[in-house]
Amino acid sequence: MLWRHGDVLLASTENIPAGAVPLSHTVLAKGEITGHSHRIAEPGAATLWELNGLLYLKVSAESATLMHEEHKPIVLPGGFYRVWQQREYTPAQIRRVMD
C-alpha cells in the first residue's frame with residue numbers, strides 16, 4: 001500500500017532494515033522555505049529510523065496521524081513504512097523538493 005502526503009510518499013514494508021538507527025524525532029520532511037513539516041502528531045505513537053540516508057517509520061500504536069500545515073491529515077495504521085521525499089530535476093542537479 002502507498003500513501004502520498006504532499007511531497008512525501010510512504011510505502012508499507014515488512015520491517016525496519018537491520019542496522020537502521022532510531023531518530024529522536026518523527027519529522028518525515030521539513031520545509032526549508034516555509035518551516036512547515038510532515039510529522040507524526042501523537043507523541044510515542046511512532047519511531048522514525050534512518051539507514052544510509054533512507055528513512056523508515058514504525059507506527060507502534062494502533063494508528064498515527066501524519067500532519068502538515070498545507071495538507072489534510074492522514075491516519076496511518078500500525079506497521080512499518082519506507083519514506084521518500086519527492087525529488088525534482090534541474091539541469092544542475094536532482095534535489096529534494098522544498099516547501
Side-chain angles (χ1 to χ4, degrees):
M1 298 218 30
L2 295 173
W3 291 262
R4 163 95 40 211
H5 197 246
D7 56 358
V8 171
L9 176 71
L10 295 99
S12 58
T13 186
E14 293 294 317
N15 54 35
I16 303 296
V21 176
L23 302 177
S24 62
H25 61 85
T26 53
V27 175
L28 282 59
K30 186 172 182 179
E32 293 183 10
I33 297 171
T34 65
H36 297 167
S37 62
H38 297 270
R39 65 200 176 281
I40 300 299
E42 302 86 2
T47 306
L48 191 60
W49 300 73
E50 187 269 332
L51 178 64
N52 299 325
L54 303 177
L55 292 178
Y56 298 88
L57 181 70
K58 177 183 178 185
V59 175
S60 50
E62 185 175 319
S63 64
T65 308
L66 179 57
M67 301 197 55
H68 185 277
E69 290 80 357
E70 298 171 359
H71 307 291
K72 291 183 181 180
I74 294 177
V75 177
L76 299 168
F80 302 98
Y81 302 88
R82 166 70 169 87
V83 180
W84 286 270
Q85 187 172 358
Q86 184 175 331
R87 293 190 168 101
E88 61 187 2
Y89 170 81
T90 68
Q93 64 185 349
I94 297 173
R95 62 182 183 174
R96 289 186 173 155
V97 171
M98 306 284 178
D99 274 344

Between CG of L51 and CD1 of I16, what distance do you get to the nearest 0.5 Å?
-> 10.0 Å

What one should report as the nearest heavy-atom pair of D7 and H38 is OD1-NE2, 3.0 Å

Please tell me if the side chains of Q85 and L55 come closer than 4.5 Å, counting only heavy atoms from C-beta onward.
-> no

Between CG of N15 and CZ of F80, what distance do you get to the nearest 0.5 Å?
-> 6.5 Å

Considering non-hydrogen atoms only, spot the tightest contact between H25 and L48 and give its length.
-> O-CB, 3.4 Å

Does anything in residues 40-59 pair up under side-chain hydrogen bond (donor to acceptor under 3.5 Å, both in side chains), and if so which pairs, sequence neighbours excluded?
-> E42-T65

Would V21 and L54 show up in the same hydrophobic cluster when neighbours are defined by side-chain heavy atoms closer than 4.5 Å?
-> no

Close side-chain approach of L10 to L28, heavy-atom, < 4.5 Å = yes

Are any of the side-chain heavy atoms of L57 and L66 separated by less than 4.5 Å?
-> no

Do V8 and V83 have side chains that get closer than 4.5 Å, going by heavy atoms?
-> yes

Heavy atoms only: give me the nearest A41-M67 pair and the separation to one decimal.
-> CB-SD, 3.3 Å

Note: S63 and V59 closest approach over all heavy atoms is C-CG1, 3.9 Å

Taking all heavy atoms of W84 and all of A11, pick out the closest pair and write down the distance.
-> CZ3-CB, 3.5 Å

